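Source: prediction; values computed, not measured. As the structure lists them, so they are numbered: ligands from 1, and atoms in each ligand from 1.
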Amino acid sequence: MACINNENAATASEGRDGLDFNPYDIMEPRLPGKTPQDMKNGAPVKQHDIEPQGVYQPDYNMLTPHMRSPEYVQMSTAAAITLGVTQGRMYRCSCTRCLNLLLTYPEGCRANCAYCGLARHREAERDYADRNFIRVDWPAVPMDVVVDKVASDGAESPFHRMCISMITHPRSDEDTVAVLKKWTSRIDPETIPVSILSNPTTMGRKDVQQLKDLGADIFTVALDAATPELFDRTRGKGVQSPHKWDKYWEVLEDARDIFGPEKFGVHLIAGMGETEFDMLNVMQQVVDIGGHNHMFSFFPEAGSLMDHLPATPRDQWRRVQLGRYLIDYCGANVKHMKFDENGRVSHFGIPAAELEDIIQSGLAFRTSGCPGKVAEDVSACDRPYGDSPPSDIASYPFAPDKKDIKKIRKQLGIPNRLV
Ligand code: SF4
């Protein structure tokens, strides 16, 4: 199972030069190289044009079949194990509660985000369907098989939510609609609600409205970078990628108007060069307009333009993870928090006894994402080991136990109880 990856990248207990955070200056992505003409736009896959035979398990030693959405979708290894189309076991988890479906095309994603395993520059070395993404392989499965399997489980389905991840591709808007329609024609969205992880670059307000009208429950925007400067460096001009900060906010505001409070939100990646203040400040802005924040820890994805950079040091990560939970679910406000000269949190702005209870509950340190059937602050989308190896967990895909909490407290620099 791919969650126990044999990777070279060590998780950081501290950052480069002994720093306990990843500063902007060192988090510079590599520039994308030149792609040979005969590797562009999925040319090898289209040239061989191999007909797919059912489920495709990523294997870059064989010719990749020609698969396209909406007939095919990819899904995380965890989702494929839970759906029963891949064999494997996950460390300390029996299954995942979110069926995350990723649109797939031989041309792949046409954006070039520096931290992402799916980025366009990788067409020089690996076919799209074989690329690692958030540390794992993504098997490709016929959409009919997905729907048949989930529909046959009915109310007994292990999945609490389905999510369609759009990518930057000219057909992405249309095919998201097709995948959503296929799902809702067989599966009641009241039983398994649907989230959309959108691609604002190709979308307008009417696309957002259409997804809502077709039964989508939650709409999210993967802002990923916490500031406009960092966004441009990692997802825009800096890496020959088409995304624009203002466009992402425009679509987020459309989602606020159309999906309404608590039904829209953003994805953010901590530790790419922003300060802790930057991160908590942007999350406060999202909460102030009625949305939620789903945050992940930066991990240097093999093959990405940031694979030479340090993972987020654990103490930086734990501070923003705790800050996010306080802002999203406990009524805390960045205005009342205190920060040092490097923008690191020095006080969370709530009474010590309250903070103590929240730390001990462990909820703040679980994977963040759209809710499932357990509680509003427990994500269905638990993405096991998407942002760290199991040996040093960043986002816990399960409730942390006493030993985990002890480790978290040490990482936060508060090993002893506050009260
Ligand atoms: S748009 Fe999304 S899938 Fe495409 S490269 Fe950027 S982060 Fe990856």
Electrostatic pair [X]-[Y], nearest N-O below 4.0 angstrom:
X: D130; Y: R126; result: no
X: D175; Y: R68; result: no
X: K244; Y: D232; result: no

- Task: Confirm or rule out an N/O/S atom of C116, from backbone or side chain, lying less than 2.8 Å from atom 8 (Fe) of ligand 1.
- Result: yes
- What protein heavy atom is closest to atom 6 (Fe) of ligand 1, reported as residue, atom name and distance in Å? C113 SG, 2.3 Å
- Considering heavy atoms of the protein only, find what lies nearest to atom 1 (S) of ligand 1 and give residue, atom and distance to 0.1 Å. H243 NE2, 3.3 Å
- Query: Between C109 and ligand 1, which part of the residue brings a heavy atom under 4.0 Å of the ligand: side chain, backbone, both or neither?
  - Reply: side chain
- Task: Take M75 and L102 through the side chain to side chain contact (heavy atoms under 4.5 Å, CB included) test and state the conclusion after the steps.
- Result: CA-CA 6 Å; M75 64 184 64; L102 174 72; over 6 Å; no
- Using the side chain to side chain contact (heavy atoms under 4.5 Å, CB included) rule, take Q411 and D392 through it: C-alpha gap first, then chi angles, then the decisive distance, then the call. CA-CA 11 Å; Q411 292 168 332; D392 191 5; 3.5 Å; yes
- Note on the structure: Quick note on ligand 1: atoms under 4.0 Å from a heavy atom of R235 include exactly 1 (S), 6 (Fe), 7 (S)
- Item | T168: numbered ligand 1 atoms lying under 4.0 Å from its heavy atoms | 1 (S)
